[in-house]
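As structure tokens, the structure follows; a few thoughts come after it.
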Protein chains: 2
Amino acid sequence: MKKEIRDKNGLTEAEFLRSYKAEDYVRPSVAADMAIFTVQEAEEENYRKLPEKKLCILLIERGVHPYLGTWALPGGFVRPGETTEETAKRELKEETGLDHVYLEQLYTFSDPDRDPRTWVMSCSYMALIDSSGVKPKAGDDAAKAAWFSISYGLTDDHTEYRKNHRYDGMKTIRTMRYELVLEHEDIRLTAVIEKKVTKTEYDTKEEYRILSNDGLAFDHARIIAYGLERLRGKVDYTDIAFHLMPLQFTLTQLQQVYEVILDKPLLKAAFRRKIGHLVIETDSFTENAGHRPSRLYRRKL
Amino acid sequence: MKKEIRDKNGLTEAEFLRSYKAEDYVRPSVAADMAIFTVQEAEEENYRKLPEKKLCILLIERGVHPYLGTWALPGGFVRPGETTEETAKRELKEETGLDHVYLEQLYTFSDPDRDPRTWVMSCSYMALIDSSGVKPKAGDDAAKAAWFSISYGLTDDHTEYRKNHRYDGMKTIRTMRYELVLEHEDIRLTAVIEKKVTKTEYDTKEEYRILSNDGLAFDHARIIAYGLERLRGKVDYTDIAFHLMPLQFTLTQLQQVYEVILDKPLLKAAFRRKIGHLVIETDSFTENAGHRPSRLYRRKL
DNA sequence: CTAATAGTGTCTTTTAGACAATATTAA
DNA sequence: TTAATATTGTCTAAAAGACACTATTAG
């Protein structure tokens with residue numbers, strides 16, 4: 001039925017499709033870039049004390065131009081016949097050997113100048129993994145791959161109230177600056193990201209800009225910031241943080257992960273009440289810890 | 001400094017960029033498609049009663065192949081030099097004449113077969129507008145443009161618990177079915193969308209599938225479902241719904257909008273407490289309503 | 001006067017915050 | 001015994017749910 005409808009040139013859909021030339025239009029390349037997050041433990045000298053947790057991200061040192069020698073998110077171009085998610089999974093597997101992990105599309109960045117080679121959009125993904133036993137491998141284009149610890153903090157928050165002359169209303173502009181610091185051994189990468197929220201009576205607009213950047217390739221500082229905000233935003237109303245945990249974990253470990261994501265301390269009793277319905281207790285306990293053993297839990301499915 | 005680093009072929013970054021051939025790779029087309037939502041009032045025969053509100057979306061009737069004669073989201077291909085957001089804004093302006101409205105990127109759909117013409121990714125956006133005084137205009141490729149009322153309800157929710165043999169753990173699969181019905185005058189478009197959430201100890205996966213579809217072009221039923229879920233999800237922890245309101249509104253009108261988005265009635269007193277800090281009262285009141293006048297409010301910026 | 005909505009008061013329930021008390025282990 | 005973490009209890013404060021009462025208007 002539908003196929004028999006003819007357009008103004010008298011073509012059926014099948015005829016139209018046969019005559020369609022995709023090559024007539026200039027098209028962008030599309031890449032999938034991945035922010036792979038994990039939580040790792042710092043060394044602890046005191047055998048009794050719990051090791052501190054650090055939120056980490058996997059970066060690769062670029063072995064090819066452009067941005068040769070700088071650090072970048074793992075990623076690659078989407079191939080014909082593939083979804084962006086499949087590209088992301090392929091990269092993830094190459095880099096970490098992991099297969100079934102939490103994966104979420106973040107945002108598609110499409111600034112035409114974001115890649116000096118050509119017009120490249122980046123469909124970005126966030127993966128959350130338990131990194132115990134994962135040795136990052138450098139892919140084809142990469143010299144090295146390594147886990148970088150993350151520090152991402154607000155350094156400035158400023159709100160401006162303006163009369164909006166174009167309409168008779170008001171306008172408020174809230175400018176927030178975040179400092180992103182990534183560290184691996186003696187390598188230290190830094191960037192300053194500005195988040196600007198503009199409100200008028202008619203709309204609300206949110207922009208992220210990279211103000212400065214030392215050692216990160218492309219606009220990847222912005223993608224990382226975006227991923228961190230998504231992670232923070234989802235932590236307290238989903239069980240997303242569980243994907244950073246091993247199969248069995250103590251509630252204190254889980255709380256540490258929440259704390260390291262939210263970058264603030266939480267109250268123990270309230271935390272346990274809040275996540276109580278998301279976990280199942282096992283019969284196992286930690287051992288040889290130098291203090292009272294702790295019950296191990298799993299994620300409730 | 002950085003520019004002087006040479007790669008394994010002995011090229012500097014500048015030399016590499018001059019030699020880079022983007023044409024060597026097959027690339028997708030990228031379109032921006034828009035779910036433009038608004039709230040409209042139904043006719044009310046009783047002069048005293050408040051008119052009911054309906055959540056609506058703007059659709060265009062396709063005037064060209066493929067899917068000629070079916071209804072689609074407004075959208076278009078991203079042009080060189082443009083961001084996807086600029087494409088979306090351009091389409092919005094063409095279709096509604098509106099300029100400064102709430103706009104949010106939803107998701108990038110990249111199934112290689114989603115468009116019969118060629119490889120086309122869709123970077124989708126959601127816009128929220130106050131439609132009073134907006135007459136939708138059909139663009140180049142469109143025969144007509146019209147507001148369709150939306151009904152989107154869960155018709156089936158089913159959870160399956162399985163032993164996962166690959167690991168020693170469990171797997172739960174929750175399958176939800178939603179019926180989407182869009183109506184404009186005597187046109188009625190329907191689709192059934194399945195949302196499947198699969199959980200194992202290792203990951204959580206979320207998929208949307210179109211099970212049936214009558215009258216909607218491409219995979220647009222899925223994009224609409226995605227937009228509706230985003231809208232619902234954000235309503236109670238942001239002031240996003242205010243972008244569907246005129247400059248001044250009564251709290252009952254605002255509550256109606258919340259109710260129509262969430263598809264459930266809310267308690268008046270609790271609602272007023274909750275949104276109280278998001279509004280500013282004006283000195284104006286509604287008039288000639290056949291009942292007690294209502295104070296008008298604006299969004300607090 | 002009446003039928004409608006507007007707006008507020010208050011009691012209850014639930015959730016979150018704060019902090020203290022008790023329990024248990026390896027060295 | 002001690003220094004650490006584990007776990008639970010309880011009081012308080014804040015937020016959400018439920019429902020009823022009063023206020024005000026056009027016709």
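Each chain gets a letter, A, B and so on, in the order the sequences are listed, and its residues count up from 1. Everything numeric here is computed off the predicted structure, so don't read it as measured data. Side chains included, hydrogens not; waters and symmetry mates left out as well; all remaining heavy atoms used.
Within the 4.0 Å cut-off from OP1 or OP2 of C/dG7, at least one side-chain nitrogen or oxygen of B/Ser294 is found. OP1 or OP2 of C/dG7 lies within a sub-4.0 Å distance of a side-chain N or O belonging to B/Arg272.
Residue B/Glu207 places its CD atom among more than 12 non-hydrogen atoms of other residues, nucleotides or ligands, all under 6.0 Å distant.
Among the protein residues, A/Leu50 comes within range of the sugar-phosphate backbone only, with heavy atoms under 4.0 Å from sugar or phosphate atoms but none that close to a base.
Atom P of nucleotide C/dA4 and atom NE2 of B/His291 are separated by 10 Å, given to the nearest angstrom. Rounded to whole angstrom, the span from the CZ atom of A/Arg48 across to the C1' atom of C/dT24 amounts to 12 Å.
Ring orientation note: the planes of B/Tyr152 and B/Tyr178 are close to parallel, at an angle under 30° on the 30°/60° scale. Between A/Tyr102 and A/His243, the ring planes are parallel. Angles under 30° get that label, and only those over 60° would be called perpendicular. Between B/Tyr226 and B/Tyr107, the angle of the ring planes lies from 30° to 60°, which puts this pair in the tilted group.
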Run the side-chain donor-acceptor check on residues 192-199 of chain B: report pairs under 3.5 Å with partners two or more places apart or on a different chain.
unit_1: B/Glu194; atom_1: OE1; unit_2: B/Arg209; atom_2: NH2; d: 3.1
unit_1: B/Lys195; atom_1: NZ; unit_2: B/Glu229; atom_2: OE1; d: 3.0

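For A/Gly290 and A/Phe285, each mapped to the nucleotide of DNA chain D holding its nearest heavy atom, the one lying further toward the 5' end belongs to A/Gly290. In this structure, A/Lys268 and B/Gln253 both approach DNA chain C, and ranking their closest nucleotides by distance from the 5' end singles out B/Gln253.
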Give the B/S/- string for nucleotides 10-18 of chain C, one per nucleotide from 5' to 3', where a protein heavy atom under 4.0 Å of the base yields B, of only the sugar-phosphate yields S, and otherwise -. B-----BBB
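Protein chain B contacts DNA chain D from D/dA16 to D/dG27, reading 5' to 3' and using non-hydrogen atoms of the protein with a distance under 4.0 Å.
Put simply, the side chain of B/Arg174 does not reach to within 4.5 Å of the side chain of A/Leu301, judged on heavy atoms. Residues A/Phe37 and A/Cys56 have side chains not in contact (no heavy-atom distance under 4.5 Å, counting atoms from C-beta outward). Looking only at side-chain heavy atoms (C-beta outward), B/Phe271 and B/Leu254 come within less than 4.5 Å of each other.
Considering only side-chain atoms of B/Arg292, the nucleotide from C/dA6, C/dA4, C/dA23 that sits closest is C/dA6.
Counting distance only, with no hydrogens placed and no angle test, the side-chain atoms of B/Arg295 and the base atoms of C/dA6 include no donor-acceptor pair under 3.5 Å.
Between A/His100 and B/Tyr202, the gap from one ring centroid to the other reaches at least 6.0 Å.
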